[in-house]
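Throughout, protein chains are lettered first and strands after them, A, B, ... in sequence-line order, and every chain is numbered starting at 1.
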Amino acid sequence: MSAQGEHLSNSDLAKIFHTIADLLEIKGENIYKVLAYRRAADSLANLGGDAYEVWQAGELNQIPGVGKAIAEKLDELFRTGRLGFYEKVKTEVPVSLVDLLQVPDVGPKKAALFWGKAGVTSLPELEAAAREGKLRGLPGIGEKSEAKILAGIEALKRRSTRTPLGVAWPAAQELAAWLRNLPGVKAAEVAGSLRRMRSTVGDIDLVAAAADPKPVMEAFAHHSKVGQVLASGEAKTSVELKNTLRVQLWVHPPEQWGTVLQYATGSKEHSVHLRELAQDKKLSLSDHSIIQPDGQEVFYSEEAEVYAAIGLPWIPPEMREDRGEIQAALAGKLPRLIERGDLIAELHSHSTWSDGHSSIQAMAEAARERSLKVIAITDHSVSLGVARGLKIEDLQRQRVEIDAVQAKLGDSIRILQGTESEILADGSLDYPDEILAKLDVVIASLHSSLRQPRAVITERLLRAMRNPHVDIVGHPTGRLLPDREGADLDMDSVLKAAAETGIALEINAFPERLDLDDIYARRAAEMGIPLSINTDAHQPDHLDLVQFGVGVARRAWITPDQVINAWPTKRLLDWLKHRTKG
DNA sequence: GCCGTTTTCGGCCCGACTGTTTTCAGTCG
């Protein structure tokens with residue numbers, strides 16, 4: 001495949017089918033038809049390979065949730081770039097109505113109501129109608145609903161995007177720790193998409209176990225960080241923090257811990273699938289129990305017991321996306337996912353030689369404290385002026401310092417000299433080959449001109465990958481969460497090149513990056529491409545960010561053998577040496 | 001619209017919470 005293909009991407013297609021689903025739902029179409037479009041959209045978004053190639057191979061019906069009708073629509077999209085059905089639906093329901101669904105407590109029924117009875121076709125029109133008091137009086141809408149909608153629109157404006165994992169994680173852990181200290185609380189955990197380690201989250205989900213839930217939820221509602229309480233019932237409290245993050249807390253008695261933790265962890269798709277399986281066994285699974293065929297209600301204090309009751313082994317949270325994990329569990333083929341403790345090396349770190357904040361010795365000691373056996377200092381190369389990239393003579397002086405620190409620290413940790421070399425505009429690297437050959441680790445990264453056209457930037461990266469001295473491609477797409485998309489790379493070509501050259505692709509653990517993402521990482525691993533989980537640390541405590549990279553890898557079903565930093569030291573060093581020689 | 005070691009037609013998860021209601025619809029996860 002060439003890099004020129006300007007065809008529709010998986011995410012373009014997913015957006016189209018998601019919009020179709022929303023429009024049909026507002027229109028009042030059969031809910032299962034709506035769900036079918038939504039399932040197909042999710043399936044396309046989660047596809048590791050390019051749907052375009054699946055189409056070319058005539059295998060669209062292999063994609064889960066794609067049957068005859070949706071396959072025909074994909075065919076039309078790929079052939080003509082348009083979809084008649086989509087255009088027809090848009091003439092029936094204004095596409096701007098879809099924005100209304102983002103407002104909390106506004107779903108398809110209310111969107112249809114506001115459209116039909118108040119002439120609202122967009123979010124600004126909804127806001128105007130609410131301000132003018134035109135919504136109250138509509139069937140089922142009173143003053144409270146109207147005020148809630150206005151507040152919801154305001155909240156949307158304040159919070160334009162999803163919250164990055166790196167922001168939500170510490171906030172959630174702090175709240176969980178606070179809950180654990182409340183009287184009567186036996187356990188408290190972070191659940192939801194955070195526990196599944198999604199790279200961005202919409203809200204924070206917390207679960208607590210207490211014999212008497214009420215005082216726990218009372219206390220939580222009055223936590224100093226809570227801005228307003230959105231809902232509070234017997235089992236669940238939902239709040240918005242002063243910083244606009246939304247938090248939901250479930251509190252159940254300890255004997256129900258297993259079911260509630262499972263339920264609150266999701267994903268919704270995973271839970272739906274699980275309940276279908278339960279139903280096959282005439283079991284009814286809810287957030288607090290399983291009702292047996294004879295009507296008896298059984299509680300489960302451990303998550304593993306819930307899965308066992310449905311005939312499954314416990315499934316790691318990061319896998320719970322209904323991407324085949326339930327089938328794998330049924331077949332007894334769940335992978336042994338990588339864990340932080342498997343990693344023996346950090347292969348991407350910076351020191352004060354470029355834009356890091358700590359000395360080489362401090363970084364090496366920090367790595368040693370975290371039980372690592374190897375750390376590579378990979379400071380920036382000369383062209384990245386803003387990061388004080390190293391000139392060739394700097395590299396030679398840096399080698400002297402590394403040797404000195406190595407002598408001081410002895411065998412306790414191995415310090416490698418590397419570089420994070422710029423990939424220049426023409427795809428060449430920043431140092432001549434004879435210099436690269438002397439370095440222990442060469443990471444090639446894109447930092448500049450990320451907005452080049454697809455064909456140009458893809459070829460630029462491919463050229464760098466063909467340099468035999470390159471060991472690892474750093475943060476391959478260059479995305480920055482939550483808002484800056486990565487380069488418009490033809491990832492199929494990139495993955496194929498990696499498979500051919502044997503180069504490793506990085507899973508950059510820095511929370512703003514998490515790049516490769518879980519979808520591409522899984523695809524890469526399936527293609528036999530070696531992966532490398534690195535923190536890109538600029539100071540010692542950044543080494544702990546590795547947990548987020550491990551989270552991505554676990555979401556990608558990755559095992560220790562597929563990650564070069566989890567290999568035994570000798571195997572890793574041999575691999576690096578072999579690559580350097582080309 | 002999709003899907004099938006009980007099915008190619010008839011299913012397709014379940015309960016909490018809110019606001020508007022006098023028994024329920026809509027939304028959410």
Applying a 4.0 Å non-hydrogen cut-off, can you work out what [X] is touching in the nucleic acid: base, sugar-phosphate, or nothing?
| X | answer |
| --- | --- |
| V103(A) | sugar-phosphate |
| S238(A) | nothing |
| I141(A) | sugar-phosphate |
| P108(A) | sugar-phosphate |
| G140(A) | sugar-phosphate |
| Y37(A) | sugar-phosphate |
| V34(A) | nothing |
| K268(A) | base |
| L285(A) | sugar-phosphate |
| E72(A) | nothing |

Distance in Å, D518(A) CG paired with R555(A) CZ, rounded so as to fall on 0.5 Å steps = 4.5 Å

In whole angstrom, give me the gap between the [atom1] atoms of [N] and [M].
| N | M | atom1 | result |
| --- | --- | --- | --- |
| dT8(B) | dC2(B) | C1' | 12 Å |
| dT7(B) | dC12(B) | C1' | 13 Å |
| dT6(B) | dG10(B) | C1' | 14 Å |
| dG26(B) | dT20(B) | P | 14 Å |
| dT5(B) | dG1(B) | P | 23 Å |
| dG4(B) | dA16(B) | P | 32 Å |
| dC9(B) | dT21(B) | C1' | 39 Å |
| dC13(B) | dT27(B) | C1' | 16 Å |

Side chain of [X] - closest among [options]:
| X | options | answer |
| --- | --- | --- |
| K148(A) | dG1(B), dG29(B), dG19(B) | dG19(B) |
| A36(A) | dC13(B), dC17(B), dC2(B) | dC2(B) |
| K144(A) | dT18(B), dG1(B), dG19(B) | dG19(B) |
| D287(A) | dA16(B), dG29(B), dT18(B) | dA16(B) |
| I70(A) | dC2(B), dC13(B), dC17(B) | dC2(B) |
| A235(A) | dG1(B), dC17(B), dG29(B) | dC17(B) |
| K109(A) | dG19(B), dG15(B), dG26(B) | dG26(B) |
| A69(A) | dG1(B), dC17(B), dG15(B) | dG1(B) |

query = Which of parallel (below 30°), tilted (30 to 60°) and perpendicular (above 60°) describes Y52(A) and H7(A)?
reply = parallel

query = Does Y263(A) or S271(A) map to a spot on DNA chain B nearer the 5' end, using the closest nucleotide for each?
reply = S271(A)

remark   = Comparing E234(A) with Q248(A), nearest DNA chain B nucleotide closer to 5' gives the residue E234(A)

Assigned partner base of dT8(B), Watson-Crick or wobble definition, under 3.5 Å = none

message = Determine whether a donor-acceptor pair (one donor, one acceptor, N or O, separation below 3.5 Å) exists between the side chain of Y32(A) and the base of dG11(B).
response = no

Provide, to the nearest angstrom, the distance between the [atom1] atom belonging to [X] and the [atom2] atom belonging to [N].
| X | N | atom1 | atom2 | answer |
| --- | --- | --- | --- | --- |
| H273(A) | dC3(B) | NE2 | C1' | 12 Å |
| E276(A) | dG4(B) | CD | P | 11 Å |
| L138(A) | dG26(B) | CG | P | 13 Å |
| L277(A) | dC14(B) | CG | C1' | 15 Å |
| D203(A) | dT27(B) | CG | P | 18 Å |
| K27(A) | dG1(B) | NZ | P | 10 Å |
| R136(A) | dT20(B) | CZ | C1' | 15 Å |
| L113(A) | dG19(B) | CG | P | 17 Å |

ask   = Cut-off 3.5 Å, side chains only: do T559(A) and Q562(A) have a donor facing an acceptor?
value = yes

More than 12 heavy atoms from other groups under 6.0 Å of CD on E255(A) = yes

Pair R196(A) + E269(A): basic N to acidic O under 4.0 Å = no

key: R523(A)/D517(A) ion pair, N-O < 4.0 Å   = no

request  = Mind jotting down which residue pairs meet the salt bridge (Lys or Arg N to Asp or Glu O under 4.0 Å) criterion with at least one end in residues 18-32 of chain A? Sequence neighbours excluded, please.
outcome  = D22(A)-R38(A), E25(A)-R38(A), K27(A)-E92(A), E29(A)-K33(A)

ask   = Partners of R484(A) by side chain to side chain donor-acceptor pair (under 3.5 Å), sequence neighbours excluded?
value = none

Does [X] put a side-chain nitrogen or oxygen below 4.0 Å from OP1 or OP2 of [N]?
| X | N | answer |
| --- | --- | --- |
| K33(A) | dG1(B) | yes |
| Q279(A) | dC14(B) | yes |
| S145(A) | dT20(B) | yes |

query = Just checking, K110(A) and F114(A): is the charged tip under 6.0 Å from the six-membered ring centre and within 45° of the axis?
reply = no

